[in-house]
Amino acid sequence: MNIYYHPQYNISLGLLNYLHPFDGRKFSTVFNAIESLEGINIKQPDNPASQAIINDFVDGLQRRLLHKKRYILRALEIPYIPLLPFSMIDKRILLPMRWGVAGTIEASKAALNGNNAWNLSGGYHHATPRNSQGFCIYNDIGISLQEASTAGLVSETDKILIIDIDAHHGNGNAYTFMNKKNVTILDIYNNDIYPQNNLTKERVNINVPLTAGTDGHEYNTALQSALNKLEGDYRIAYVIAGTDVLESDSLGGLGLSITECVERDKLVYEKLQSLSIPAVFLGGGGYSRDSAQAIIGSIKSLVCDVSRQPSQKNPKYTSC
Ligand SMILES: [Zn+2]
């Protein structure tokens with residue numbers, strides 16, 4: 001499996017760390033734990049996604065809004081701070097996200113050439129070509145398909161699959177692909193939290209709303225049932241593997257243990273393998289202290305023969 005990571009993914013909010021629960025350093029924590037594993041090829045994007053690539057994707061108004069401090073802070077769910085220069089927000093937060101977009105672009109190209117890939121960043125499923133919200137500025141899946149199309153790797157008629165297993169409904173992807181019939185979306189999410197958007201929920205082909213507090217057993221049973229509905233010859237599958245489903249996450253409102261979160265990713269991966277669909281796993285949300293450990297566990301479980309110990313609730317994965 002190709003793992004996409006760049007040191008620039010890491011977000012350093014400085015004092016803003018106190019205003020948002022996101023652990024911007026978790027990408028490096030995951031990377032340090034997995035970089036020497038067998039079965040993993042570490043890949044680095046060469047550059048962040050360029051302004052030209054982003055401008056090709058977004059509409060005219062959004063092009064301008066992406067340079068407005070008040071708009072960006074609202075999308076990042078950070079209170080307006082008069083003395084904070086936009087240049088600092090761009091350098092500390094938006095630039096790392098553009099590196100994340102570049103990782104999704106490269107991971108997509110790898111998958112379209114038959115290699116499974118995991119971008120440690122990306123999965124900005126609340127963003128659209130017209131709007132940024134929910135700590136998502138750029139819709140990286142849409143941008144990566146735009147770039148794959150330009151490179152001749154994917155056509156308008158190729159079937160695309162999005163499996164969204166982040167705790168939040170992926171309203172940005174549903175909106176972005178509202179009229180794209182070749183894109184199938186499976187979304188399993190906590191229906192009692194942000195975002196509450198019925199129009200985008202109706203766009204989802206396999207819609208699995210859960211109630212707040214759903215535990216890991218119930219979640220994975222519902223997920224397996226949804227995965228069983230998938231069939232067909234998809235060109236590529238994107239998986240928004242947000243770890244905000246963890247019971248320790250303060251925003252997701254679901255109740256998965258680390259082990260159950262790892263099992264969740266394995267269920268998805270095995271389904272895609274059984275259908276011979278190349279996968280791009282994306283970081284998505286994840287705001288708890290356990291987020292990095294869950295991602296590390298998942299990557300190891302997908303590439304290593306991890307001996308499981310069912311009696312241990314949150315096992316530490318130390319080696320393949
Ligand atoms: Zn989320």
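For the numbers below, each heavy atom of this structure counts, side chains included, while hydrogens, waters and symmetry mates do not. Positions are given from 1, in the same order as the sequence printed here. Order of appearance sets the numbers: ligands from 1, and atoms from 1 within every ligand.
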Residues joined to Val183 in its hydrophobic cluster, side chain to side chain under 4.5 Å directly or through other members, sorted by chain and number, are Leu112, Ile141, Leu145, Leu153, Val154, Ile160, Ile162, Phe177, Ile185, Val204, Ile236, Tyr238, Ile240, Val280, Leu282
Here the N/O/S atom of Asp166 closest to the Zn ion (ligand 1) would be OD1
> Looking at Lys180 and Glu156, does any basic side-chain N land under 4.0 Å from a carboxylate oxygen?
Replying inline: yes
Looking at His168, the N/O/S atom that lies nearest to the Zn ion (ligand 1) is called ND1
Quiz prompt | Salt bridge flag under 4.0 Å for residues Asp90 and Arg98 | solution = yes
From the list His126, Arg203, His125, side chain to side chain donor-acceptor pair (under 3.5 Å) with Asn171 holds only for His126
The N/O/S atom of Asp244 lying closest to the Zn ion (ligand 1) is OD2
